[in-house]
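Just below is one structure, and these are the notes that go with it.
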Amino acid sequence: MVGKTEDKESKRPPRQILARSINRRASLRSSINHMLTNETVQDDDNFWNVSSRWFADATEEIVGNVAGAAVDDTAFRTSGIEIVSATDFDQDYEDDDDDDDDDINNYGGDDGKLFNDLSTFGDTGTPSDIRTIYSRRQIIQFICKWILLAFLLFSMILYSMPQSTSQYALSSWTLLRGRSNRFQPMKEMFVEISGEDAFLDTNSPQYRALVFLAEQDPLKLNPNDPILSKQIIQRYVLSVLYFSTNGPSWKHRVYWLTGQHECGWQYVICSDVQEENNNTTDAGKTKRQKVGLTSDKFNPENMDDDFSDFADSDLGLGKGRIITGLKLFDNGLAGNSLPLELVELKYLHILDLGSNSLVGTIETYFAQFTHMRELYLNKNEFHGRIDANMTKGLTKLKVLSLGHNFLTGEVDDLFLRDLTSLENLSLEYNQLSGIIPTALGTIKTLQHIRLGGNTLHGEIPLSLENNLPNLQRLWLQENKLTGTIPSSIFCDASSTLVDLRLQNNSFVGNVPDVDCTMEKLELLSMASNDLKGSIPNDFGDHFPTLKELHLYDNQLTSTIPPSIFKPANLTAVLFGMNKLTGSLSGSMFQEANNLVYLYLNANDLGGTLDDFAQTEGLPSLKKLRLEYNSFSGTIPKLEFPSLELFYAYNNSLLTSGLDNLSSSIALKKLKLSNCSLAEELPTKLGSLSSLEVLHLNGNQLTGTVPSEFQQLTELEELRLDANDLSGAVPFEVCNLRNSQLSTFISDCGGEWSGVACSCCTECGT
């Protein structure tokens, strides 16, 4: 029997044996398909168990294909196996079951050989050289090694990707391996919030949020557990906000879209469920304290807390925390609109999205935030008409900040009707029109009104003059307001008003004659109006706490009353561009120890500066502007140790004194153009080593450009044109062009050509 079997075996052609092996592989493939079709993949672990069995069997099939694929009548080579045409064999061989087993054992059995003594037949049918064949185990090991290497390479690439790209890759992998059993229940839950259409696009923020929660969220929250439903919704809303506003590019996003409880995500503020559910157990309170959740503010020290042992049943509302605030100010948010899903955060007390790049309209759904206390949408790119329905029912709102956007329309009484608790109204720098609503005067809680930078017209309503006992800041600047400035706006709010800005309007009349003392006013600006007449002599006596007084760009006449400089904390007096007369005496400034800015430019002031320069009351003065006046005589020594800027150009009666300025070593900007300085250009100016700008053009200076100017290493602008200078500019001074000096103009051309300058940027003509 053995001999017979061996005889049959030696005569059986390889083609027939390989064909039978292929039939058995087809049977294996059918079994795999049956397994994958009928075995339910209920979770990730079971999926990988099924996948590993499929992988092992599939590898066997791959090896079989390597050995026996493409069996035909043409010669081929693969993986070290060579099979030559067997068409010359025309004998019929009997096919019986016993021989099948022998065939499998000898040609593909467990002894590790794909073929034993497989002969190559030529045209004559005679055996040729025995070929060495790879074992099945070696091929399996080879394939597994390459698969493992590819997996490691994929992981490294995924880790190095930007977060948005890596999340897309993970989502793609999720689609390939199938959905978890959380996907469909969560989708049904979220459809009730966002609508079915939101999930038609797989790139929509809602769909991406769904994929994160159902497939990628390490918490793996069970959507069928009613205890967790509120937490799931909270995480969904935050995820939609994240994807809607370019979350991967946020400046700060610690723990966002991670396994951390959403109350641990950066700048998310939560409160204990005790506020909404008084049945919280003592055990729940203990665990809250354990994980550091007793604070309503984000605490970096608690960022590593583990919430995994936090029993949901103890608190009954998704880890016992509800979101009450989002503080994402200046965080790089960008998007075309705010997601509607935000209204699901029903207990929001504060929403701060200011100073971002959000566009679109401000929707009326904000009226649904009935618990809202503070809403900041300022400094974005919102547009559209302001809508009264937006504030309907917001009786608890204290702060409404919509400034620095592109909002249009009128702020009417309906818009303010329900804002009975409002303390801060900020609508500045939009495109709002109409009049100032009289309803503002009915909101007794108002502390800050900011309406500047719009196109409001009309007069200041009487309701603002005597009905706001808590008013601290009133900003009406840069509008089209008319009429006179009522004195009652000062005295009726004298106990609280800190900041009053009325500049850049069309107010007429005189500076108000105040008959009360405003104990808290720090900034008063009535600049750039059409005020006329004189400044009341006792004006400064009524503002003992004043820090800044702006009256520039009006038509004020008479002298400057000394009382202006009496407030002890006064830092800025800006009186330029009026018609003020008189001279400056040192006695006026004896108490101005904190004065930093003194702008008296473009008036009709005259006399000498000697008395003014000798005062000892200006130790803090940094910027002194006296240009376009009629001061005369010599420029005195300015005994102001902090002086950085001195402008006195276009004072045609100033004749000398440049040497005296050499002691002002803190000077950075000096402009004395178009005076009548008739002296030799002093070398001592070279000692002003901090000088950045030096303009002496349009005078009668003589001599040469001093080589000492090479010490002015910080110099950026030097103008010496329109003088009587001569000679060549020293090489050392020209070297300043290699550092900071970008503008250098002298008389090197035209009718004043007298200076040889190879480094000038321009020649005066």
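We're numbering straight along the sequence, starting at 1.
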### Query
Taking atom CG of L456 and atom CG of N505, what is their separation to the nearest 0.5 Å?
9.0 Å
### Query
Can you check whether L609 reaches L626 side chain to side chain, under 4.5 Å on heavy atoms?
yes
### Message
Is a donor from one side chain sitting under 3.5 angstrom from an acceptor on the other, for H695 and E717?
### Response
yes
### L618 vs L643, side-chain contact (heavy atoms from CB on, under 4.5 Å): CA-CA, chis, key distance, verdict
CA-CA 9 Å; L618 295 170; L643 191 64; over 6 Å; no
### Query
Where is the tightest heavy-atom contact between V693 and L715, given as atom of each residue plus distance?
N-CD1, 4.0 Å
### Query
Is the shortest distance from a Lys or Arg side-chain nitrogen in E627 or R625 to a carboxylate oxygen in the other one below 4.0 Å?
yes
### Query
Once you round to the nearest 0.5 Å, how far does OG1 of T408 lie from CD1 of I386?
9.0 Å
### Task
Using modelled atom types only, decide if a donor and an acceptor are shared between the side chain of T496 and the backbone of Q472 within a distance under 3.5 Å.
no
### Message
Using 0.5 Å steps for rounding, measure from the OG atom of S357 to the NZ atom of K379.
### Response
13.0 Å
### Query
Would you say the side chains of S528 and D553 form a donor-acceptor pair under 3.5 Å?
yes
### Task
Give the C-alpha distance, both sets of side-chain angles, the deciding distance and a yes or no for side-chain hydrogen bond (donor to acceptor under 3.5 Å, both in side chains) between S662 and S687.
CA-CA 7 Å; S662 61; S687 63; 5.0 Å; no
### Query
Under a 4.5 Å cut-off applied to non-hydrogen side-chain atoms, are L720 and L725 in contact?
yes
### Query
Is any side-chain heavy atom of L661 closer than 4.5 Å to a side-chain heavy atom of L670?
yes
### Query
Distance from L481 atom CG to N504 atom CG, nearest 0.5 Å?
11.0 Å
### Query
Near L653 CG, under 6.0 Å, is it more than 12 heavy atoms from other residues, nucleotides or ligands?
yes
### Task
Check the pair Q700 / L677 against side-chain contact (heavy atoms from CB on, under 4.5 Å), numbers first and verdict last.
CA-CA 6 Å; Q700 302 169 31; L677 300 176; over 6 Å; no
### Task
Quick one: sort the Y599 and Y597 rings into parallel, tilted or perpendicular, breaks at 30° and 60°.
perpendicular
### Task
State whether the SG distance for the cysteine pair C757/C748 is less than 2.5 Å.
no
### Task
Any chance you could lay out the side-chain contact (heavy atoms from CB on, under 4.5 Å) test for E374 and D352, step after step, and finish with the verdict?
CA-CA 8 Å; E374 301 178 27; D352 189 350; over 6 Å; no
### Task
Report yes if the distance between the aromatic ring centroids of F612 and F640 is under 6.0 Å, otherwise no.
yes
### Task
May I ask you to check whether over 12 heavy atoms, not counting those of N738, lie within 6.0 Å of atom CG?
yes
### Query
Is the shortest heavy-atom distance from the side chain of V705 to the side chain of P730 under 4.5 Å?
yes
### Query
Yes or no on side-chain contact (heavy atoms from CB on, under 4.5 Å) for I460 and T484, after CA distance, side-chain angles and deciding distance?
CA-CA 9 Å; I460 299 176; T484 60; over 6 Å; no
### Task
Using only heavy-atom distances, determine whether the side chains of S676 and S652 contain a donor-acceptor pair under 3.5 Å.
no
### Heavy-atom pair with the smallest gap, counting every atom of E680 and G703
CG-CA, 4.2 Å
### Query
Could you walk me through whether R450 and N424 pass the side-chain hydrogen bond (donor to acceptor under 3.5 Å, both in side chains) check?
CA-CA 8 Å; R450 297 182 174 93; N424 186 340; 3.2 Å; yes
### Min side-chain heavy-atom separation L425-L440 under 4.5 Å
yes
### Query
Mind checking whether H457 and I435 have side chains closer than 4.5 Å, heavy atoms only?
yes
### Task
Can you see which heavy atom on L333 is nearest to which on W250, and at what distance?
CG-NE1, 3.5 Å
#### Entry: Rounded distance (nearest 0.5 Å) linking atom CG of L570 with atom NZ of K547
11.0 Å
### Message
Between D724 and S726, is there a side-chain donor-acceptor contact under 3.5 Å, judged purely by atom types and distance?
### Response
no
#### Entry: Enclosure of F539 CZ (heavy-atom neighbours >12, cutoff 6.0 Å)
yes
### Query
Are a donor atom and an acceptor atom from the side chains of E478 and Y429 found within less than 3.5 Å of each other?
yes
#### Entry: Pair Y267 and F329, ring centroids less than 6.0 Å apart
no
### Query
Do the non-hydrogen side-chain atoms of L500 and W475 ever get within less than 4.5 Å of each other?
no
### Message
For E381 and N405, which I'm curious about, is there any donor-acceptor pair between the side chains at under 3.5 Å?
### Response
no
### Message
In the structure I gave you, are the side-chain heavy atoms of L685 and L712 within less than 4.5 Å of one another anywhere?
### Response
no
### Query
Distance-only, no hydrogens or angles: does the T761 side chain make a donor-acceptor pair with backbone N or O of F744 under 3.5 Å?
yes
### Query
Are N697 and S673 close enough that a side-chain donor and a side-chain acceptor fall under 3.5 Å?
yes
### Message
Using a 3.5 Å distance criterion without hydrogens, assess whether the side chain of T634 forms a donor-acceptor pair with backbone atoms of P636.
### Response
no
#### Entry: Spatial distance of atom CD (E679) from atom CD1 (I635) [nearest 0.5 Å]
7.5 Å
